[in-house]
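The structure appears below as structure tokens.
Naming convention: chains lettered A, B, ... in sequence-line order (proteins, then strands); numbering from 1 in each chain.
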Number of protein chains: 2
Amino acid sequence: MSCHIILQKKGYRLTPQRVEIIRILHNSNQHISADEIYTKLKTKFLYANKSTVYRTLELLKEENLVIDSILEDKIIRYHIAAKGDHHHLICSKCNKIISIPEDIFEATRKIIEEKYGFEISIKHEILIGLCSDCRKS
Amino acid sequence: MSCHIILQKKGYRLTPQRVEIIRILHNSNQHISADEIYTKLKTKFLYANKSTVYRTLELLKEENLVIDSILEDKIIRYHIAAKGDHHHLICSKCNKIISIPEDIFEATRKIIEEKYGFEISIKHEILIGLCSDCRKS
DNA sequence: GTACATGCAAACCGTTTGCAGCCTA
DNA sequence: TAGGCTGCAAACGGTTTGCATGTAC
């Protein structure tokens, strides 16, 4: 079900700004910062405002439609919460983003559970490294 | 080798404030924020200043004596960089912190390498979850 | 028509910076 | 004694908030 319909069903208004922000999030396969969204939004709405971006992201987050994550650069980035698409590899050289399945941490999860009795709740993990292309060069 | 000696060897001055900040970091087995360090520092130095805290943490980070990490609450926390003590489990209920060995991600690392040709560089990972005590209750 | 959403400006908060004076080496 | 370090105050940048106006429903 699309974000728009979910918002509408919950009684939120589908303003052009919200529609555009959702479109920007969808069109960006990168994890994107609030500021980048704002810049893109401005190309369509001359008077668009950052607080609209933040308020919309807050709303989408509350409705579990977007996920925010924070990397070592301390900038919060957002992406659409697609089912089973919560973990990513990000190449530190070319910034390529690869989605990885949820069960990738199963081995680690089991080891930690057996060794420490600790139950990890990995919701959205990002691993930095080098992709295969960049390793070759 | 202790932090003090390393700093001294590199030509940095061992001011009372720096010594105390290092002591606070050592005495706190928790990951601790700049603000918490500042509050503790003030109990000893009435006129202590936040910028001193930030500048000292910056220095210790540069010398690889402390590691900073950022969790979902977006607050940067610091802890002494002990060898082979880079990964932690943090219990979301009682805030207990458990250090885990570096090789804990080996299985995941291997899977990702085989499947995607992607070489992850996990330097300092924090996993949130429930510790064995809190799972029982 | 009405309540919700927007744009604007100002506040907020953690962090950084410039500077004068202080203190470690 | 000299240059690095501190405290202070002000700036900074990302984010949040209060308010009047605008608009989706």
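Between A:H88 and A:I98 the shortest side-chain heavy-atom distance does not fall below 4.5 Å. Between B:I76 and B:S33, every side-chain heavy-atom pair lies at or beyond the 4.5 Å cut-off. You'll find the side chain of A:K96 reaches within 4.5 Å of the side chain of A:D133, heavy atoms only. Using a 4.5 Å heavy-atom cutoff, the side chains of A:F118 and B:L130 are not in contact.
No side-chain donor-acceptor contact under 3.5 Å links A:R77 to the backbone of A:I70. Counting only distance, with no hydrogens or angles, the side chain of A:R135 and the backbone of B:G117 share a donor-acceptor pair below 3.5 Å.
Applying a 4.0 Å cut-off to non-hydrogen atoms, none of the residues of residues 39-49 of chain B approaches DNA chain C. Contacts between residues 11-19 of chain B and DNA chain D, defined by a heavy-atom separation below 4.0 Å, involve B:Y12, B:R13, B:T15, B:Q17, B:R18, listed by number. Within residues 50-58 of chain B, the residues that have a heavy atom under 4.0 Å from DNA chain D are, in order of number, B:S51, B:T52, B:R55.
Closest of all the heavy-atom pairs between A:P101 and B:Y116 is CD-OH, 3.0 Å.
In this structure, A:E106 pairs ionically with A:R109, as a charged nitrogen and a carboxylate oxygen lie closer than 4.0 Å.
Checking each of A:I21, A:N49, A:T56 against A:L41 for a side-chain contact (heavy atoms from CB on, under 4.5 Å) leaves exactly one that passes, namely A:I21.
Here C:dG14 presents its P atom at 14 Å from CD1 of B:I37, a figure rounded to the nearest Å.
Partners of A:F105 by ring pair (Phe, Tyr, Trp, His ring centres under 6.0 Å), not counting sequence neighbours, listed by chain and number: A:H87. The side-chain contact (heavy atoms from CB on, under 4.5 Å) test applied to B:T39 returns B:D35, not counting sequence neighbours.
Residue contacts for A:I75: at a heavy-atom cut-off of 4.0 Å it reaches no nucleic acid atom on any strand shown.
When DNA chain D is scanned in the 5' to 3' direction for atoms under 4.0 Å from non-hydrogen atoms of chain A, the outermost contacting nucleotides are D:dG14 to D:dC25.
By the neighbour-count criterion of 12 heavy atoms within 6.0 Å, atom NZ of B:K74 is densely surrounded, having more than that number from other residues, nucleotides or ligands. Other residues, nucleotides and ligands contribute over 12 non-hydrogen atoms within 6.0 Å of the NZ atom of A:K61.
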